[in-house]
There are 2 protein chains.
Amino acid sequence: MSDSYHHGNLRQALIDAGVKIINESGEGGLSLRKAAALCEVSHAAPYAHFKDKDELIEAIKASVTEQFMQKLQCAVNGAPDAESALISMGNGYVAFFLHKPDYFKFLFGNQNITAHLSTDKEYEEDYPPFKLLKDTYLRFTAEKKIKKSKTEQEMDLLKLWSSAHGLAAIACMSQVKMSFDLEKALEGGILLK
Amino acid sequence: MSDSYHHGNLRQALIDAGVKIINESGEGGLSLRKAAALCEVSHAAPYAHFKDKDELIEAIKASVTEQFMQKLQCAVNGAPDAESALISMGNGYVAFFLHKPDYFKFLFGNQNITAHLSTDKEYEEDYPPFKLLKDTYLRFTAEKKIKKSKTEQEMDLLKLWSSAHGLAAIACMSQVKMSFDLEKALEGGILLK
DNA sequence: AAAAATATCTTGACAGTGTAAAGATTGGTT
DNA sequence: AACCAATCTTTACACTGTCAAGATATTTTT
């Protein structure tokens, strides 16, 4: 808390600095030393809180993923039933990155994410957005009393996830010219017919 | 051709060295100096052929994209009609990266690709794989005598592309556990029902 | 409350990186 | 034969991640 030697909460400050740098100059502009400088701290100070540059990047990703999850959770919570929750979650998935393309590149640029398509096991270690998708999907099949084999369920999940993710990828990573407004098209149901 | 000072074909040798490095250690292991060392040339020699590291990377991407296009073109050429060409192109799209996940990360990790969804304009500058998709799709609508509005066509293209791309992304960038064989599922028609 | 242990931060150093400038070597052109 | 442009080397610099050693503050122990 004292202003001189100890920062007080350098760990979180470094994460916030990282998010700021990514918003301003993308992942390419992110360096340990710049983040440290933003926190007015020496270039080696981060090593008291992170083993690696990678470990800082992981923490920044977790922070951005929290924002992402908030948006997805909102979309799910605002839906009257599981079916429309699935749809508005997909729309929220794409819309989030449509407004923050740099976040997409940062999160998925070279990162590995853990996901278990299987629906009959523990999957607490799943990538949180995927876990939410799985839960919502299972709620959907329950509400609609849909009976599907395990493999069919897994394929449904894979299709749901990859269609939303693919649309976000194309929209964020490519210079796509189109005559329609993608955000409006989402509401119109381009994702899930 | 002489062994001493001039390399002979350093430009292509650097590109090949880059591809090799990416296959062995991913994009993270790629540096100008390592590529130069592989060609047994000084660390500044690449600057006679490439303005930037980025320019070398672009050239490497073009080389990998050629391989990719070859696979897609094969898939299209081997199909009896445009409809099955569309399907087998999508399968080839995913299968290519399923065998070379590092290529996916390298090509789409942080890169921008140009694509014009509009079907009634010149689009020679489009990303070649997308151009092939667009051509095949137009051939398909012609064969089936399908009449669609411009917007509908663009949305079809976007859906086709993003579903294949999304599936490849999920398969390559994530540690997904599934109980079925994705490659078999592709042949079974998971992509285009 | 004093002392010891720990967490946090600074300084200095090193190898690896991209890139620029200046000079050496070569092949092709006139 | 003389010149020119292309190609390559050498040298240098700023920036990066990381480590080691030491300084300072906080917490724990006695």
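Below, chains carry the letters A, B, ... as their sequence lines are ordered, and counting in each starts from 1.
- Aromatic ring centres of A:Phe96 and A:Phe104 lie farther apart than the 6.0 Å criterion allows.
- For the pair B:Ser31 and C:dT17, the criterion of a side-chain N or O lying under 4.0 Å from OP1 or OP2 is met.
- The CG atom of A:Leu138 sits 11.0 Å away from atom CD1 of A:Ile146, with the distance rounded to the nearest 0.5 Å.
- Between the NE2 atom of A:His49 and the C1' atom of C:dT8 there is a distance of 6 Å, rounded to whole Å.
- Electrostatic pairing of B:Lys144 and B:Glu83 counts as a salt bridge here, judged by a charged N lying under 4.0 Å from a carboxylate O.
- Of all nucleotides listed (D:dT7, D:dT18, C:dC9), D:dT7 comes nearest to the side chain of B:Ala48.
- Across residues 15-25 of chain A, not one residue has a non-hydrogen atom less than 4.0 Å from an atom of DNA chain C.
- In terms of polar N and O atoms assigned as donor or acceptor, the side chain of A:Arg33 comes within less than 3.5 Å of the base of D:dG17 in a complementary pairing.
- Rounding to whole angstrom units, CZ of residue A:Phe50 and P of C:dC9 are separated by 11 Å.
- Going from atom CG of B:Leu32 over to atom C1' of C:dT19 covers 9 Å, rounded to whole Å.
- Each of A:Gly29 and A:Lys51 was matched to the nucleotide of DNA chain D holding its nearest heavy atom; the match closer to the 5' end belongs to A:Gly29.
- Rounding to whole angstrom units, CD of residue A:Gln12 and C1' of C:dT8 are separated by 17 Å.
- For C:dC9, the OP1/OP2 oxygens have no side-chain nitrogen or oxygen of A:His43 closer than 4.0 Å.
- Side-chain contact of B:Glu154 with A:Ser179: a donor-acceptor pair under 3.5 Å is present, judged by distance alone.
- The interatomic distance linking A:Leu10 (CG) with C:dT8 (P) rounds to 9 Å, in whole Å.
- Ring orientation note: the planes of A:His165 and A:Tyr93 are nearly perpendicular, at an angle over 60° on the 30°/60° scale.
- For the 3.5 Å distance criterion, the side chains of B:Ser88 and B:Asn91 fail to qualify, holding no donor opposite an acceptor.
- Dense packing is recorded around CD of B:Gln12, with more than 12 heavy atoms of other residues, nucleotides or ligands lying under 6.0 Å away.
- Between the CD atom of B:Glu40 and the C1' atom of D:dT7 there is a distance of 17 Å, rounded to whole Å.
- Atom CG in A:Asn9 sits about 14 Å away from atom C1' in C:dA7, given to the nearest Å.
- Side-chain atoms of A:Ala45 lie closest to C:dT10 of the nucleotides C:dT10, D:dT9, C:dT19.
- One atom, OH of B:Tyr47, and another, P of C:dT17, lie 12 Å apart when rounded to the nearest Å.
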